[in-house]
Amino acid sequence: MRSKTFRLWQRPLLAGVLMAAVALPGAAVAQGDPAFVHEASDLEADARVVYGTLANGLRYAVMKNQTPSGNAAIRMRIATGSFNETDAQQGIAHFLEHMAFNGSVNVPEGEMVKRLERHGLAFGADTNASTGFDQTIYKLNLPTVGEPVLNEAFFLMRETAENLLLDADAIDRERGVIASEKLARDSLSYRSTVDRLRFFTEGSKVVNRLPIGIAETIETMPREEFVSFYRGYYRPENTFIAFIGDVEPEVAVAKIEEYFGDWKAQGPALGQALPGPAELKPGRVGYFFDEKLMTSVTLGALRPYEERPDTRATRRENLIRAIGSRILNRRFNRKVEQGVATYLSGGASRYRFDDVIDGMTLTVRATPEDWAEALAEGEQELRRALQYGFSQDELDEQLAIIRQARETAVERADTRKTYAGFEYNYAKELVSAFAQDKVFTSPQTNLALFEETAPTITLEEVEREFRDAWRGIEDPAIYFVNKSPLENTEAALKTALTKSRQVAVAPPEPRNVGAFAYTDFGTPGEVVSDQYVEDADAHLVKFANNVRLNFKQTDFDAGTISVRVRVGGGFMAMPTRSEALRRLGLNLLDQSGVVGHTDDDLRIMFAGQRVGVTAKTFIDNDAFELLGATDADDLAAQFNLLAAKVKAPAFSEDVAAQYFRKIRAWYPTHDSSPQETVRKYLPRLVRSGHKAYGFDDLDSFMEPTIADARSWIEPEMANGLIEVTVVGDIDKQTVVDQVARTLGALPARTDTKGDYPVIGNVQFPEGNETPYRYYHKGTPDQALVYVYWPAPDASDPADRYRMRLLRGLFRNRLSDVLREEMGSTYSPGTASYANDLFDDYGYLYARVTAKPDEVDKVREGVLRVANEMANTPIDEDTFIRAWTPIVEDLDSSLENNSYWLSVLGDAQTDASGLTRFRVREPAYRDMTAEEISELASQVFGGSNEITAYILPAKMQ
């Protein structure tokens, strides 16, 4: 088996825009090879996972996990993707993934999603798939694990694996959907990312086999090609099934054997294709120009790919190399924060694409006029590290951070999620380990390996491995992104690099940040009230200085304590509400550290501890929010930092100067895509032109000053109401004592929320038959259609849940009409808005990606669906299919700290979160099709909708 991975600094972006899960390996096991990599490694596999191979060659991994309880996940990985396509088949692997939902031997076309919905699985959230360069993964998240649901899930996976009909008419109907998806994914950022990938992997076939395919083959591939590809690659020996969840392993294994044991491949197998090595030519220069892209320069020290098995020795080497890069990146970040860097950001990372290339890249971003100076500073910082190495303090800091992360993983091992959107989850990681030929090791093993390795790591070894990693940087590959060409771009880049290398570099200056100054806040606060809320199993505590604490003990995330501190009035307290002041103030509050300690100082002081604060205030938020997550050992330090942030917020001139430089660089790109243009205009449009929303020209962003930010934020921090919410794995008294010692010890502050008289000025605009038109300067064949309707405000908390069901029904019907019938879009979206701060104001909207010449047709389709929903009662089956996934998820959603932070966040002020919690389950349980039909008539029945088109600038 072979390890195939692709890693680069913008990997999340690439994975999204190329639709590629860019980890790539094992197809069928060659005779004599182990079925799983841990069988040939000196690393110990996680004992919780049961591995096996069926007689037909299908491999599986089963793991019991009880978070959330009563849930499970199935992942079926087929070892084929775009690399296996012929020239005439480009895009077929991804197209075939779509056809899994378009009819099989035992499931008529259009019925698979409906069957899943009846069992509580929502399309998109729970049922999905993805295609990469050499893998296709089908995903089912199961909200319950009863026998009927398990049987249905495994039955449908088997249908996908063997029994797709691949009807010619169904293929033709799906062509427009694929084309729409390709259009939706397109952007300037996508194009520049693909070009960068082309440059660094030139000579291989990587960019000639992007999973999304090309228009010519998407439009013309005949059914015979689909059948050939399907039968040649969808075979037991190419299949891996992972089952994770609240089910005994022997039950899951029995289901896999029952549903897949008799699967026999049909026809001859097709071979696996590899991308081939890149052509490595030192000193190559590449570039990509567009007026709406931010400027960056990348230097690459690249070498041929060398396969390395996953062993203890390999992991030790990777750890040591990673430490060197982490130290270098801390230096880059520090200079940005100190305001002494010309570059806006900079960093180094490993650039690796299996079977193609390996090496290191350094990227700096800058304003267009500063690219040469930024390049020089980046090159010199790298050269400083290569020439003078690192300090023991820098090494110790990184070891402490890595140790803390691994200790946290051990604490959370038994409560990590089976599946989740944006956090570690076993379904994703188990499949990823198999796909990358990595041993799926336990958190305990990972920590033990680190503790074994760390004492043996010397500064000299880190420096030696760092220098070895950068071999070839003397004549690097150079890649340049800018708004326009330079005069003789290649010569200019090489001249700038040569000039930089003539500048001698000095050793870095030692750092001494001292001790944290905020540990004593005075006499601990006195508790004046303590109320137990039985239905939420929470405690509401108030201190003599009017600070409030809402607390709930949970064990959903073992060892984790989530903290949310709401202070003052946030956005609503701004003296003059504007997006410009909000962004400046928030940057200063979040990134300036505290008086006496910069943000960088704090990172050093708290290295190795779960301590940190993120500051936020969104539009229409009536508080500043200070967020953190910690554990019992670091709870005191976490509250020291939170209290310091309130008591002594800093307003760094360096942070402000860097912010304004970033704004100047960003603003010319603000209309570089349809979605970026939306952020400028539509928040203001849907609020009748209210100037607090959206934004204006660059000058408006440059107007606010540090003094303006201070005059807004400092009084709120000094006097504003404080409501602390703590949810997690800790006892109540410990939390009460920490809050009393810190925030509860601060001088007394207001006991009421502020008065925000401007609230009443927010109104939904009058309906307009003529669409509003706004223009972007991104890809010229992409447009967006937004249609808004006024909707109920937040005065009735049950309306929040009725609207959720209505917008789900609306989205499903839009998908039927716009995607399946008209082939006009890939994935229409719907959303709604209501806020407790605003009376008589709320809205629902539809968002659709379209071709510029089809916006009127798409709008007509949206309005037709809205009219149907306003005038046609919702039938019971349609209602049940939308309602069941929501209801089935109610219990598992309660096993989440973030949910309880939102429920309890204002429990002693507005108590809107508690009210919604109490209403939620009865609102859903008692909901009827008739009730939602009435709501649909209310929302869609008038003529007061408004439409906005986001069109390419060429149509202006």
| Cut-off 3.5 Å, side chains only: do Ser500 and Gln380 have a donor facing an acceptor? | yes
| query | Does one side chain, of Ser592 or Ser652, offer a donor that lies under 3.5 Å from an acceptor on the other? | reply | no
| query | Between Tyr424 and Tyr426, is a ring-ring contact (aromatic ring centres under 6.0 Å, His included) present by the stated rule, with each step listed? | reply | CA-CA 7 Å; Tyr424 183 102; Tyr426 286 121; 5.6 Å; yes
| Is the number of heavy atoms from other residues, nucleotides or ligands within 6.0 Å of NZ (Lys428) greater than 12? | no
| field | Donor on one side chain, acceptor on other, Thr314 and Thr311, under 3.5 Å | value | yes
| Residues which pass side chain to side chain donor-acceptor pair (under 3.5 Å) with Arg383, listed by chain and number, not counting sequence neighbours | Glu379
| Would one find more than 12 heavy atoms of other residues, nucleotides or ligands at under 6.0 Å from atom NZ of Lys616? | no
| field | Set of residues satisfying salt bridge (Lys or Arg N to Asp or Glu O under 4.0 Å) with respect to Glu317, sequence neighbours excluded | value | Arg308
| message | Going by the rule side chain to side chain donor-acceptor pair (under 3.5 Å), which residues pair with Asp631 if we only count those two or more places apart in sequence or in a different chain? | response | none
| request: Check whether the side chains of Gln392 and Asp396 place a donor and an acceptor atom closer than 3.5 Å, and report yes or no. | output: yes
| message | Within the structure provided, determine whether Val206 and Phe353 are in side-chain contact (heavy-atom separation under 4.5 Å). | response | yes
| Would Thr441 and Arg315 count as having a side-chain donor-acceptor pair, cut-off 3.5 Å? | yes
| Minimal non-hydrogen separation, Val431 against Ala242, with atom names | CG2-CB, 3.9 Å
| request: List for me each residue that meets salt bridge (Lys or Arg N to Asp or Glu O under 4.0 Å) alongside Arg331, sequence neighbours excluded, and say none if there are none. | output: Glu394
| query | Below 4.0 angstrom, N of the basic side chain to O of the carboxylate: do Arg412 and Asp557 qualify? | reply | yes
| request: For Glu44, look at atom CD and say whether over 12 heavy atoms of other residues, nucleotides or ligands are found less than 6.0 Å away. | output: no
| Side-chain donor-acceptor pair under 3.5 Å between Thr498 and Gln502, yes or no? | no
| task | Over 60° means perpendicular and under 30° means parallel, so classify the ring planes of Tyr479 and Phe200, tilted if in between. | result | tilted
| Got a sec, which residues hit salt bridge (Lys or Arg N to Asp or Glu O under 4.0 Å) with Arg316, two or more places apart in sequence or on another chain? | Glu461
| Thr367-Asp370 side chain donor-acceptor pair, cut-off 3.5 Å | yes
| query | Are Arg403 and Glu451 within salt-bridge range, i.e. N to O under 4.0 Å? | reply | yes
| task | Any pair with a residue in residues 595-604 that passes side chain to side chain donor-acceptor pair (under 3.5 Å), sequence neighbours left out, goes on the list, sorted by first then second residue, please. | result | Arg330-Asp600, Arg334-Asp600, Glu337-Arg603, Arg511-Asp600, Arg511-Asp601, Thr598-Asp601, Asp599-Arg603
| task | May I ask you to check whether Phe516 and Phe606 place their ring centers less than 6.0 Å from one another? | result | yes
| Note: Arg352-Glu306 ion pair, threshold 4.0 Å (strictly below) | no
| request: Assess the side chains of Thr445 and Ser442: does a donor N or O sit below 3.5 Å from an acceptor N or O? | output: yes
| query | Can any side-chain N or O of Ser41 pair as donor or acceptor with the backbone N or O of Val37 at less than 3.5 Å? | reply | no
| field | Any Val481 side-chain heavy atom under 4.5 Å of Thr295 side chain | value | no
| query | Distance under 6.0 Å and angle within 45° of the ring axis: does Arg365 meet both against Tyr343? | reply | no
| Between Gln638 and Asp634, does any side-chain donor sit less than 3.5 Å from a side-chain acceptor? | no
| message | Please give me the minimum heavy-atom distance between Ile357 and Tyr305, naming the atom from each residue. | response | N-CB, 3.6 Å
